[in-house]
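Letters A, B, ... are given to chains in the order of the sequence lines, protein chains preceding strands, and every chain is numbered from 1. Side-chain atoms are counted along with the backbone in the values below, which use heavy atoms only and exclude waters and symmetry mates.
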Amino acid sequence: MSDAIGQEQRYDNERGARGQRLVLVSFAISMLASAGLIVFYVFSGWTQVEGVLLGLALGGLGIGMIAWSTDVLQIPDHVEDRAELRSSEEARATAESLLDSPGITRRTMLLRLLGGAGGLLAAALVVPALSLGPHPGQSLFRTKWRRGSRVVDADGNLLRPDYIGIKSITTIFPEGHVGSGDSQAVLMRVDPESLQLPPDRKNWTVEGIIAYSKVCTHAGCPVNLYRSQARELLCPCHQSTFNVLDGGQVVFGPAKRPLPQLPLMVDDEGYLAARGDFSGPIGPSFWDIHKND
Amino acid sequence: MKTEERKLDLIAKSKRQREWLDERLGSASWAVKGMRYVFPDHWSFLLGEVALFCFVILVATGIYLTLFFRPDSTEVIYHGSYAPLDGQEMSAAYKSVLDLSFNVRMGLLFRQMHHWAANIFVTSIILHQMRVFFTGAFRRPRELNWIIGVTLLILAIGLGFTGYSLPDDLLSGTGLRIAYSVVLGIPFIGPWLAYLLFGGEWPTPATISRLFVFHVMLLPALIIALIGAHLLLIMRQHHADFPGPGKTERNVVGQPAWPSQALKSTGLMLIVFAVIAILGGLVQINPVWAYGPYRAWVVSAPAQPDWYVGWLEGSLRLFPAVEFSITKWFTWPTIFAPSVLVPGLVFLVMYMYPFIEKRFLTHDYAEHNLLDYPYSVPARAGIGMAGFTFGFVLTIAGGNDVLAQVFNISIYEMTWILRVAAIVGPIVVGYAAAKLAEALQREGLGVFRSHQPGLQLRRNAEGGFEEVGEH
C-alpha cells in the first residue's frame with residue numbers, strides 16, 4: 001500500500017492557477033481543431049490541413065491533461081512498499097506436493113505415452129503446411145528458355161542482331177513469356193575480339209551480342225546497371241559486379257557465382273533466339289544448387 | 001428539480017452502479033490497489049510507453065486501411081486519378097493503395113500516419129531497450145521481461161517489413177525478392193521453405209495475400225499477447241527506479257496511478273498521436289506512386305528499406321562473398337551468413353545478455369530494484385556501445401551507394417571503408433566507452449571539465465583567458 005509523503009509541501013497556488021489557464025487554453029484549442037476538422041472534411045480534402053487539425057485536436061487534449069496532472073493537481077510523491085516476489089517456503093512446499101498428487105508423476109508409462117501421442121499429433125498437424133506450396137523439384141534448375149526460343153524485349157518485340165547497340169542493355173524474355181521472373185535476361189553488344197569466353201561457349205554469341213541471366217546470383221535483384229566502358233553489369237541492390245566479357249565472373253561484391261549465360265543464335269528468319277537454357281541455375285544460390293552438375 | 005438536486009442524484013446513481021459492480025466482481029478492492037499503484041518518474045521511463053502508444057495508433061489506423069486495401073495480386077489496368085500511371089498494368093493491391101491515397105478523403109493522412117507510427121514504434125522500442133540495457137534494468141528479477149522485450153523488437157521489425165511490403169510497389173517488391181532469396185539460401189530446408197512460404201518460385205501470386213495475413217493477423221496477435229505479458233510482469237515486479245532520496249531496494253517512490261499518472265499517461269498518448277498526425281499530414285512518407293508497380297525485371301537505384309531494416313541490408317552489402325561447395329550435394333550460399341547468421345547471432349546475444357553478464361562479468365546474482373547508471377558497469381557500457389556501433393555502421397552501410405555519392409568516392413572504396421568500420425568501429429567505440437565509464441566512476445562529471453583538478457580558465461576583461469588557481 002502507498003502513502004503520500006512530503007505532505008508538508010504546500011500547494012503552489014500560483015502554479016495551480018497557471019496550470020488551470022494552460023488546461024483551459026489547450027482544451028479550447030483541441031475543441032476548435034476538432035470542430036475545424038469536421039468542417040474541413042466536408043468541404044475539402046487537403047492532407048496537410050487534416051493532419052495539422054487532427055494533431056492540434058489530439059495534442060491540445062494531451063497537453064491539457066498533462067498540465068492538469070502536474071500543475072493543477074500537484075499530487076506529492078507516494079511511497080509504496082515492494083512485496084517480496086518469492087513465495088514462502090510453506091507455499092512452495094504445498095505447491096510441490098499438489099503438483100505430485102496423487103502420484104501423477106510416478107506413472108512414468110502413462111507420461112511417456114502422453115508424450116508420444118502429443119508428439120505424433122504435432123507431427124500430423126504439420127502436414128497441412130505442406131499444401132502451402134509445390135515441391136521445388138527441378139523448377140529452380142530450369143527456366144522457360146528452350147532451344148529455338150525466340151528473343152523478345154519487355155514489350156514483346158522480336159529482336160534482330162542489328163537492333164542491338166553498344167551503349168545500352170536490353171531486357172529480354174523468351175517469346176510468349178514476357179515478364180517471367182526466372183527467364184529474364186540482359187542482352188548487350190560488345191567487341192567480339194574482346195570476348196574471353198570458355199572454349200565451349202565460343203558459338204554462344206552472335207556478332208558480339210551476348211546475353212546473361214538478369215537475376216543476380218547474390219540476392220536475386222535484377223542486374224540492370226551497365227557500365228558500358230568497363231563492360232560490367234552491376235546489381236544496384238548490393239553492388240555485385242559481373243564481367244560481361246569472361247562469362248559473367250564476379251569482379252566485386254557479395255555474389256560468388258557468375259551470372260548464367262544464355263547461349264544465342266540467329267534463327268532461319270534472322271531473329272535472335274536461344275540455343276537452349278542458361279548455362280546453370282539462375283539467381284541466388286541454395287544448398288543443393290550443384291546437384292545436377 | 002433544481003440543478004443542485006439533480007447533481008446529487010447523479011452522483012448517488014453512479015455510486016450505486018459501482019456498488020452493483022463491486023458486489024459481482026469485488027472491484028473496489030482491486031481498484032484501490034490499482035489506483036494506489038506508484039509510478040516512478042523519469043523521462044526515460046516513458047520510452048516504453050511511447051512504443052505502446054505507437055502500437056495503439058498502428059492498430060487504429062491499420063483497421064481503417066484494411067477497409068480499403070485489397071491483398072490481391074491480380075493484374076489490372078490503372079485508370080484512376082493519378083494521371084502519370086494511367087494505362088499501366090499493376091496489381092489490384094497496388095491500385096487499391098493508390099485509390100485509398102488519392103480518392104479516399106483522409107485516406108492518405110491515415111496511411112502516412114500508419115507508416116510514420118511504424119517507424120516511431122520501432123525507434124521507441126530500440127531507445128527503450130537501450131535505456132533498460134544501460135541502466136541494468138534487465139537484472140534479476142526482470143530477465144524474463146527482457147526476453148519478452150527482445151522478442152517484441154523482432155516481431156516489430158517483422159510487422160514493419162510485412163507492412164511496407166503490402167503495397168506491391170517497385171521498392172518494397174525488390175525487398176520481398178531479397179527476403180525470398182534469404183529463405184531460399186537456408187541450408188537443407190531453404191528451397192522447400194521458400195516454396196511453402198511464398199507458394200512457389202518467385203514471383204508468385206500468393207505473396208501479397210499471405211503477407212497480409214501475417215501483417216494484420218498473426219504478428220499483431222503475437223504482439224498483443226506479448227505486450228500483455230510484458231505489462232503483467234511489470235505490474236507483478238513493479239518498476240525499477242534510479243537511486244534517490246527516500247528510495248530503497250524495497251520501496252517505490254513516485255506518482256500514484258490515479259489520478260496523476262492516469263492523466264499524465266493519457267496526455268502523453270495523445271501527444272504521441274498528435275506528433276504522428278502532424279507528421280502524417282505534413283511530411284510525405286513512402287510515396288508508392290513515385291516508385292511504380294512492382295515488376296520482377298525492374299529495379300530502382302538507390303533503393304533503401306525503412307530504417308530499421310537498413311542494418312540487414314547493410315549486412316548483405318558488406319559481407320564478402322563466401323560460398324563453397326562440399327561435393328555437389330552441399331553448397332554454402334553466400335547470402336546465408338549476412339542475412340541469417342549475423343542477425344541470428346545479434347539476437348542470440350541480446351537474449352542471453354542478462355545471463356552472460358551475471359556469469360562472466362559482474363557475478364552479481366542479487367535482486368535489483370534500484371537502477372545502475374550507464375557508467376556503473378564499464379564492461380556493460382563497452383559492450384552496449386560496441387553493439388550500438390555495429391548496428392549503426394551496418395545501418396548506414398544499407399545506404400553505401402548514397403554515401404559514396406555524397407563523399408564522391410567509388411562505391412567499392414566506400415564498401416571497403418564500411419567493412420573495416422564494421423569491425424574496428426565497435427572495438428574502438430566499445431573500448432572508449434568502457435574507459436570513459438571507468439573515469440566517470442572515479443572522477444564523476446569532473447572528467448569532462450579539466451585534466452588538472454582544481455584548475456579553471458577565466459575570461460578576463462580584455463577578452464583573453466587566464467588560469468585561475470586552486471579552486
Side-chain angles (χ1 to χ4, degrees), chain A residues 1-2 5 41 45 47-48 50-52 54-55 58-59 61-63 65-66 68-69 73 75 77-82 85 129 132-134 136 139-140 154 171 179 181-182 184 214 218-222 224-225 236-239 250 252-256 284-291 293, chain B residues 36 38 105-106 108-109 141 174 177-178 181 184-185 187-188 190-192 195-196 199-203 237-238 250-256 259-260 263-264 266-267 270-271 273-274 277-278 280-282 296-299 301 316-317 319 321 323 325 328-331 333-335 369 411-412:
Chain A
M1 285 298 101
S2 62
I5 54 162
Y41 177 86
T47 305
Q48 287 84 346
E50 291 163 357
V52 171
L54 185 58
L58 292 161
L61 208 53
I63 289 171
M65 288 174 98
I66 287 179
W68 191 349
S69 169
L73 289 176
I75 291 174
D77 272 353
H78 284 44
V79 179
E80 186 178 346
D81 284 334
R82 282 180 196 276
L85 285 170
L132 288 172
S139 58
L140 287 167
T171 301
D182 61 355
Q184 53 176 306
K214 200 181 177 181
H218 171 234
C221 289
N224 78 336
L225 296 180
C237 284
H238 310 105
Q239 291 100 34
V250 179
F252 183 86
K256 184 74 177 186
S285 295
F286 45 94
W287 70 281
D288 58 353
I289 191 168
H290 294 299
K291 73 174 178 186
D293 289 3
Chain B
R36 282 200 178 156
V38 166
R105 200 165 280 186
M106 289 188 82
L108 180 59
L109 175 67
T174 306
R177 175 61 170 100
I178 297 170
S181 306
L184 190 72
F188 305 116
W192 212 338
Y195 273 45
L196 292 183
E201 187 179 7
W202 183 268
Q237 301 176 333
H238 231 310
R250 296 254 51 92
N251 71 9
V252 200
V253 179
Q255 292 281 297
S260 42
L263 275 173
K264 222 193 252 181
T266 314
L270 292 166
I271 289 171
F273 291 178
I278 289 170
L282 296 184
W297 67 96
V298 184
V299 66
L316 279 173
R317 292 182 185 205
F319 211 90
E323 183 167 308
S325 297
K328 65 177 191 175
W329 290 107
F330 179 79
T331 297
T334 177
I335 196 174
N369 291 311
I411 183 72
Y412 306 128

**Message:** Between B/Glu323 and A/Lys256 (side chain of the first, backbone of the second, donor and acceptor by atom type, cut-off under 3.5 Å), is there such a pair?
**Reply:** no
**Message:** Report which part of A/Ile63 has an atom under 4.5 Å of a heavy atom belonging to chain B: side chain, backbone, both, or neither.
**Reply:** both
**Request:** Name the member of B/Gly190, B/Pro259, B/Gly280, B/Gly185 that forms the most heavy-atom pairs with chain A at distances under 4.5 Å.
**Result:** B/Pro259
**Item:** Residues forming a ring-ring contact (aromatic ring centres under 6.0 Å, His included) with B/Phe330, sequence neighbours excluded
**Value:** B/Phe188
**Message:** Quick check on A/Gln184 against chain B: is it the side chain, the backbone, both or neither that has a heavy atom closer than 4.5 Å?
**Reply:** side chain
**Item:** Spacing of B/Asn369 atom CG and A/Arg82 atom CZ [to the nearest 0.5 Å]
**Value:** 3.5 Å
**Message:** A side-chain contact here means heavy atoms from C-beta on lying under 4.5 Å apart; do B/Ile178 and A/Cys221 qualify?
**Reply:** yes
**Prompt:** Can you tell me how far the CG atom of B/Leu184 sits from the CG atom of A/Leu140, to the nearest 0.5 Å?
**Reply:** 5.5 Å
**Asked** In Å, rounded to the nearest 0.5 Å, how long is the span from CH2 of B/Trp297 to CG of A/Asn224?
**Response** 12.5 Å
**Request:** Could I get the full list of ring-ring contact (aromatic ring centres under 6.0 Å, His included) partners for A/His290, not counting sequence neighbours?
**Result:** none
**Item:** Winner by heavy-atom pair count (cut-off under 4.5 Å) against chain A, out of B/Ile335, B/Leu316, B/Leu282
**Value:** B/Leu316
**Asked** More than 12 foreign heavy atoms under 6.0 Å from CH2 of A/Trp68: is that the case here?
**Response** no
**Fill in**
Per-residue tally against chain A (heavy atom, under 4.5 Å) across B/Ile278, B/Leu109, B/Thr174 peaks at B/Leu109
**Prompt:** Heavy-atom distance under 4.5 Å to chain B: side chain of A/Lys214, backbone, both or neither?
**Reply:** side chain
**Fill in**
Interatomic distance, OG1@A/Thr47 vs CZ@B/Arg105, rounded to 0.5 Å, equals 10.5 Å
**Request:** To the nearest 0.5 Å, tell me how far A/His78 NE2 sits from B/Arg36 CZ.
**Result:** 7.5 Å
**Prompt:** Ignoring hydrogens and geometry, is there a side-chain-to-backbone donor-acceptor pair from B/Ser181 to A/Ala219 under 3.5 Å?
**Reply:** yes
**Item:** Reported OG1-to-CG distance for the pair B/Thr331 and A/Asp288, which is rounded to 0.5 angstrom
**Value:** 8.0 Å
**Request:** Please examine the side chains of A/Glu50 and B/Leu108, heavy atoms only from C-beta on, and report whether any two atoms are closer than 4.5 Å.
**Result:** no
**Request:** Select one option (side chain, backbone, both, neither) describing which atoms of A/Thr171 are under 4.5 Å from chain B's heavy atoms.
**Result:** side chain
**Asked** Using a distance-only test with no angle check, is there a side-chain donor-acceptor pair under 3.5 angstrom linking A/Asp77 and B/Gln255?
**Response** yes
**Message:** Is the shortest side-chain heavy-atom distance between A/Pro134 and B/Tyr195 below 4.5 Å?
**Reply:** yes
**Side chain B/Thr334, main chain A/Pro254, donor-acceptor under 3.5 Å** = yes
